[in-house]
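Start at 1 and go down the list; that is how both ligands and their atoms are numbered. This is a predicted model, so every value here is computed, not measured.
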Amino acid sequence: MNTVAARPYPYPFDPAHTAVVMIDMQRDFLEPGGFGAMLGNDVTTLQGIVPACARLLALARTHGMTVIHTQEAHDRQLADCPPSKRARGGLACGIGDPGPLGRVLVEGEPGAGFVPELQPQPGDIVLRKPGKGAFHATGLDAMLHARGITHLLIGGVTTEVCVQTTMREANDRGYECLLVTDCTASYFPQFHAAVVEMVVAQGGIVGWAAPLAAVEGALA
Ligand code: TIU
C-alpha cells in the first residue's frame, strides 16, 4: 500500500489496483477553434495543467497503473448525441458542425484528438464517451472490474463538468477516488476551487484531493 498525503485524510492505494483516468484532454477543449472555444470560453485557462498531466501519466506507467484516456466525442452520425445536447446554447457552430478543428466533438476529427503532449501510449486505454460522465453509456465499469481496479486517480478537464461528473459516478459505484488538483482545470477558476472543496467536505463525501507532488511523494 502507498499512502498519499491528501485531504480530508490520507489516501491509501495499491498501484496494481489503481487506474489514472485522464478526462478529455482533447484539442476540442484546449485549443482555439474547438468546442470549448465555441462555447465562449478562454481555452488558455486549461493549458497550464498539461505538463503536470504528462507527469501523472508517466508516473502511472512507471508504477504499473492502468492508464485510461477518456474522449468526449460523438459517432459520425451523431446517433449517440441527444438532440438536447446538440441544441444546448444555440451555437452558430455546434456539435457535428464543421469548424477550424474539423467537425465539433466528433470522433476521428482533429478536435477530438488528444493534445500532442498527452498522446496515448501502447498499453493505455482510450475510452470514447458521449456524455460528461465517463460511466454513462460506456463499458468503463466492466473494464475496471475486469482489471480489479478499485482506486482511481482523476485528472483532466473540466473540473466541474466532465471531471466532477465522472468522480461522482465512480464514487457511487464504490471506487475510491482521488482528484489530482493540479492535473485538472476549469475555464472558471472559482468553479475548480469549489469542486475541490465540495469533494473533500463532509469527511470526503465524494473522495479525496491532493496535488501531484503528494502522489509522487507516496510513490517515491
Ligand atoms: N464545457 C465544459 O466545461 N466541459 C465540457 O463540455 N466537457 C468536459 O468537461 N470534458
| query | Under 4.0 Å between a Lys/Arg side-chain N and an Asp/Glu carboxylate O for R86 and D97? | reply | yes

| query | Is a donor on one side and an acceptor on the other found under 3.5 Å between the side chain of Q121 and the backbone of Q119? | reply | yes

| task | Measure the CZ-OG1 distance between F191 and T158 for me, rounded to the nearest 0.5 Å. | result | 9.5 Å

| task | Drop me the distance from Y175's OH to H145's NE2, to the nearest 0.5 angstrom. | result | 4.0 Å

| message | Does K132 form a salt bridge (charged side-chain N to carboxylate O under 4.0 Å, His left out) with D24? I'd like the steps, not just the answer. | response | CA-CA 9 Å; K132 302 307 182 190; D24 301 356; over 6 Å; no

| query | For ligand 1, what are the residues with a heavy-atom contact below 4.0 Å? | reply | D24, F29, F35, L39, E72, K132, V157, T158, V161, C162, Y187

| task | Can you measure from CG (L153) to CG (L57) and round to the nearest 0.5 angstrom? | result | 11.0 Å

